[in-house]
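Each remark here refers to the structure printed beneath this line.
First listed ligand is number 1; within each ligand, the first listed atom is number 1. As the structure is a prediction and not an experimental result, all values here were calculated from the model.
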Amino acid sequence: MKDKIQISRFLSYILRHAPESIGLTLDKQGWGEISKLIPLAQKNGTPLTLELIKDVVETNDKKRFAISEDGLFIRAVQGHSLKTTVGYQPIKPPTILYHGTATRFIDSIFDQGLIPNGRQYVHLSQEYKTAVNVGNRHGKAVVLTVDSENMFSDGFEFYHADNGVWLTLAVPVKYLKINEKK
Ligand code: HQG
């Protein structure tokens with residue numbers, strides 16, 4: 001289990017942020033060749049095998065990765081800081097979405113709105129509980145409600161990654177509220 005978590009973290013880092021750190025190249029859609037990834041990872045000291053990759057892709061708690069139909073390539077389905085074009089189609093969001101953050105970011109968020117920081121998009125969820133978990137990664141969690149219905153009708157685009165995460169480029173302050181629900 002511990003191995004799988006380490007492999008998932010390793011793949012997240014390589015496929016979302018830094019393929020060049022092990023000498024891997026991704027295409028514009030974020031796909032990396034599995035037959036190249038495995039030896040490069042091993043050379044880097046990560047005991048990666050095809051079996052481990054398949055196991056992590058299938059059992060990953062958040063379905064973070066996808067393997068191409070021909071079985072030759074792997075990519076992260078969201079979370080990139082790399083300028084990849086995963087090819088998300090704009091889609092109408094639910095009326096509200098949640099964003100989990102930490103209390104220490106609140107002043108800055110209500111000053112600037114939600115911005116992607118290191119990533120390509122701001123990450124939102126349909127589930128309140130998911131937002132609490134995401135917030136807890138950064139400190140004392142606070143959940144913000146995003147008025148996605150009005151953002152959408154004002155022309156902002158939303159995307160829905162294959163693993164259920166909602167994405168948008170930024171959320172201006174006027175669409176944000178602190179969620180009072182416990
Ligand atoms: C905050 C996980 C100050 C934002 C999760 C967040 C997610 C601001 C942090 C995915 C701000 C960025 C992404 C502003 C936003 N001033 N802080 N104006 N605007 N922030 O980790 O959303 O496990 O890049 O609130 O499930 O926490 O990696 O984003 O706290 O889907 O697959 O800046 O990561 O998925 O932090 O998490 P992150 P996130 P994985």
For atom 38 (P) of ligand 1, what is the nearest protein heavy atom, given as residue, atom name and distance? Arg119 NE, 3.5 Å
Tested for ring pair (Phe, Tyr, Trp, His ring centres under 6.0 Å) against Trp166, the lone hit among His123, His160, His99 is His160
Nearest 0.5 Å please: distance from the OG1 atom of Thr168 over to the CG atom of Leu97. 9.0 Å
For atom 36 (O) of ligand 1, what's the nearest protein heavy atom and its distance? His138 CE1, 3.2 Å
Taking atom 11 (C) of ligand 1 as the reference point, the nearest protein heavy atom with its distance: Ile109 CG1, 3.4 Å
Per-atom filter on ligand 1: closer than 4.0 angstrom to a heavy atom of Leu114 are 15 (C), 19 (N)
Looking at Phe156 versus Tyr175, is the centre-to-centre ring distance below 6.0 Å? yes
So which protein heavy atom does atom 28 (O) of ligand 1 come closest to, and at what separation? Arg16 NH1, 2.8 Å
So, taking the atom named CG in Leu50 and the one named CG in Asp55, what distance separates them when rounded to the nearest 0.5 Å? 11.0 Å
Atom 37 (O) of ligand 1: nearest protein contact (heavy atom, Å): Arg137 NH1, 3.3 Å
State the CD-CG distance between Glu33 and Asp27, to the nearest 0.5 angstrom. 10.0 Å
What are the atoms of ligand 1, with element, lying closer than 4.0 Å to any heavy atom of Thr101? 4 (C), 25 (O), 30 (O)
Could you state the interatomic distance from CZ (Arg9) to NZ (Lys4), rounded to the nearest 0.5 Å? 14.5 Å
Determine whether Asp147 and Asn150 satisfy the following criterion, side-chain hydrogen bond (donor to acceptor under 3.5 Å, both in side chains), listing intermediate values before the conclusion. CA-CA 6 Å; Asp147 182 359; Asn150 276 314; 2.8 Å; yes
Give yes if a backbone or side-chain nitrogen or oxygen of Ile115 is under 3.5 Å from a nitrogen or oxygen of ligand 1, and no if not. yes
Tell me the protein heavy atom at minimum distance from atom 33 (O) of ligand 1, and give that distance in Å. Asn117 ND2, 2.6 Å
What is the closest protein heavy atom to atom 3 (C) of ligand 1, and at what distance does it sit? Ser108 OG, 3.2 Å
Could you check whether the rings of Phe105 and His138 sit parallel, tilted or perpendicular, using 30° and 60° as the cut-offs? perpendicular
Looking only at N/O atoms, are Gly113 and ligand 1 under 3.5 Å apart anywhere? yes
Identity and distance of the protein heavy atom lying nearest atom 22 (O) of ligand 1: His99 CE1, 3.6 Å
So if I count the atoms of ligand 1 from 1 in the order they appear, which ones are less than 4.0 Å from some heavy atom of Arg64? 23 (O), 32 (O), 40 (P)
What orientation do Phe158 and Phe152 show, parallel under 30°, tilted 30 to 60°, or perpendicular over 60°? tilted
Evaluating non-hydrogen atoms only, which member of Gln112, His123, Lys62 is closest to atom 31 (O) of ligand 1? His123
